[in-house]
Amino acid sequence: MTNYIGNLVAVVKAIVKDESILHAIQQSVQELQQVSDALDHTQEHEAQLISTATNQPNEENDLDTTVENSGKNKLLVEIPEGKGRPIDAVQSAKLSSEIGIISRQFISIPTKWKEMKDDAKFHALERLNSKFEMKFDDDYVKSSVMSIMSKLSINHRHKVHLHFKTFPNADVARQNKPTKYNLTQENWEQLCDLFSDPKYQRRCETNARVRRNVKLTPNQGSRAFVASRYAMRKDDQEPNRMDFFKATHYSNDKGWTTIEAKTTYEKMVELQSTPVEEGAEPKTIDDIMDEVLGTRSGYIPGLGYGPKPNKKSSSADRINLEKRLKNKEDELNACKSNFEVLQTQMDAMRSALLAAGIQVPPLQFSAPNNTPNSSLSGSQPTQNLD
């Protein structure tokens with residue numbers, strides 16, 4: 001492509017003598033060259049991504065990777081519950097590559113992912129269904145695919161933002177819609193409005209500072225963490241989060257990726273080896289990882305994109321605890337009610353005895369305890385007021 005453009009420019013210069021026309025043509029050629037270079041780079045990256053995944057050892061020899069469907073072989077892609085991504089490296093790479101092509105060439109780039117229209121999502125799923133054998137009737141699979149697509153869409157939005165920033169102002173940028181993406185003029189102008197928003201600009205600057213300060217650099221390259229962790233399993237068990245952190249930040253050949261990764265892992269080991277105080281529960285690996293790496297909503301630090309915190313379990317635990325607390329409160333209220341009834345009956349019996357001329361010392365009732373076992377003082381035996 002580069003040689004072709006160069007030859008074309010030489011021919012045009014030989015024919016056209018007007019300097020202004022030549023200048024305009026040269027500007028157009030430069031833009032064409034930039035688009036060509038970017039396209040070549042993208043194709044090379046996607047080819048490298050698939051090649052890297054294909055060369056990874058796949059221990060799951062009995063995994064059927066293709067199926068026959070309507071006379072056409074389609075790659076079988078499976079996303080297990082809780083993983084958010086395919087665990088097979090080849091499936092993961094090819095799915096991500098295809099979603100990247102779809103999100104770049106066949107659907108628009110929204111200013112916010114939640115503004116992506118349903119018909120665009122449906123169109124994307126249709127194209128994926130023509131390429132892969134997937135369980136798109138499964139809500140988890142569908143939501144996982146949308147999660148991958150949303151992150152790739154954000155990446156594309158970042159790239160068109162870089163294109164926007166090459167122009168002196170927003171008005172000029174609006175007249176130079178990037179041709180690499182599936183953008184209508186309306187879509188591009190909406191993005192230009194977003195890029196011109198001071199709040200968005202401040203957020204971008206903050207994100208850029210965060211990226212520059214990232215110290216825990218993994219050694220996995222473009223390979224998805226989900227597939228990497230699955231490939232590291234022993235006796236059909238994936239490494240725990242702490243072992244996986246070391247595997248993704250340390251190698252025997254090169255050592256630790258950064259000093260910060262080394263000190264972070266040493267802190268994990270220190271917490272794991274700290275003696276447990278009497279009566280206290282020992283910290284789990286997840287407790288240690290959350291303490292060292294912190295927690296984020298919808299994301300498990302150290303495991304990459306895909307796996308998410310088990311909200312269902314924590315929600316179920318909370319509901320169960322609330323039920324138990326309610327039962328205890330009901331028991332306590334029943335005890336209090338029984339105590340009041342007993343106190344009334346004892347007062348009535350004492351009044352009857354006094355009326356018959358029988359002297360009865362006053363009965364001293366203790367205040368009801370905050371436990372199901374309330375007691376009476378004096379000569380009365382302790383009773384369980386159930």
So which atom in [X] and which in [Y] form the shortest heavy-atom distance, rounded to 0.1 Å?
{"X": "V77", "Y": "P86", "answer": "CG1-CG, 3.8 Å"}
{"X": "L191", "Y": "P110", "answer": "CD2-O, 4.2 Å"}
{"X": "A224", "Y": "S92", "answer": "CB-OG, 3.6 Å"}
{"X": "V145", "Y": "F136", "answer": "CG2-CE2, 4.1 Å"}
{"X": "N187", "Y": "I109", "answer": "ND2-O, 3.0 Å"}
{"X": "M149", "Y": "L128", "answer": "CE-CD1, 4.4 Å"}

Look at atom [atom1] of [X] and say whether more than 12 heavy atoms of other residues, nucleotides or ligands are closer to it than 6.0 Å.
{"X": "K151", "atom1": "NZ", "result": "yes"}
{"X": "E270", "atom1": "CD", "result": "no"}
{"X": "L162", "atom1": "CG", "result": "yes"}
{"X": "E115", "atom1": "CD", "result": "yes"}

So, taking the atom named [atom1] in [X] and the one named [atom2] in [Y], what distance separates them when rounded to the nearest 0.5 Å?
{"X": "M289", "Y": "N240", "atom1": "CE", "atom2": "CG", "result": "8.0 Å"}
{"X": "N207", "Y": "Y200", "atom1": "CG", "atom2": "OH", "result": "8.5 Å"}
{"X": "L194", "Y": "C204", "atom1": "CG", "atom2": "SG", "result": "7.5 Å"}
{"X": "Q272", "Y": "I288", "atom1": "CD", "atom2": "CD1", "result": "5.0 Å"}
{"X": "K112", "Y": "I154", "atom1": "NZ", "atom2": "CD1", "result": "12.0 Å"}
{"X": "I285", "Y": "M242", "atom1": "CD1", "atom2": "CE", "result": "5.5 Å"}

Between Y250 and F245, does the ring centroid distance fall short of 6.0 Å?
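They do not qualify: ring centres at least 6.0 Å apart.
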Are H156 and Y181 near enough that their ring centres are under 6.0 Å apart?
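Yes, close enough.
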Are [X] and [Y] close enough that some pair of their side-chain heavy atoms sits under 4.5 Å apart?
{"X": "I79", "Y": "R85", "answer": "no"}
{"X": "H161", "Y": "R157", "answer": "no"}
{"X": "K267", "Y": "T263", "answer": "no"}
{"X": "I107", "Y": "K121", "answer": "no"}

Any donor and acceptor pair, going by atom type alone, linking the side chain of [X] with main-chain N or O of [Y] inside 3.5 Å?
{"X": "T257", "Y": "T217", "answer": "yes"}
{"X": "Q91", "Y": "E78", "answer": "yes"}
{"X": "E238", "Y": "M232", "answer": "no"}
{"X": "T206", "Y": "R202", "answer": "yes"}
{"X": "Q185", "Y": "R174", "answer": "yes"}
{"X": "D138", "Y": "Y140", "answer": "yes"}
{"X": "S97", "Y": "A93", "answer": "no"}
{"X": "T264", "Y": "E260", "answer": "yes"}
{"X": "R233", "Y": "Y230", "answer": "yes"}
{"X": "N176", "Y": "V172", "answer": "yes"}

Cationic N near anionic O, under 4.0 Å, [X] to [Y]:
{"X": "R241", "Y": "D287", "result": "no"}
{"X": "E189", "Y": "K177", "result": "no"}
{"X": "D243", "Y": "K246", "result": "no"}
{"X": "K336", "Y": "E340", "result": "no"}

F225 ring centre to R229 NZ or CZ under 6.0 Å, with the angle to the axis within 45°?
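That pair does not qualify as a cation-pi contact.
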If Ile, Leu, Val, Met, Phe, Trp and Tyr residues are connected whenever their side-chain heavy atoms lie under 4.5 Å apart, and connections chain through other members, are [X] and [Y] in the same group?
{"X": "L293", "Y": "V226", "result": "no"}
{"X": "M134", "Y": "M146", "result": "yes"}
{"X": "L125", "Y": "L75", "result": "yes"}
{"X": "L216", "Y": "I300", "result": "no"}

Using a 4.5 Å cut-off between side-chain heavy atoms of Ile, Leu, Val, Met, Phe, Trp and Tyr, which other residues end up in the same hydrophobic cluster as V276?
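Traced through the cluster, V276 reaches no other member.
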Y265 and W256 aromatic ring geometry - parallel, tilted or perpendicular at 30°/60° bounds
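Rings of W256 and Y265: tilted, 30 to 60°.
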Would E98 and R127 satisfy salt bridge (charged side-chain N to carboxylate O under 4.0 Å, His left out), going step by step from the backbone distance to the final call?
CA-CA 9 Å; E98 187 63 30; R127 294 195 64 88; 5.1 Å; no
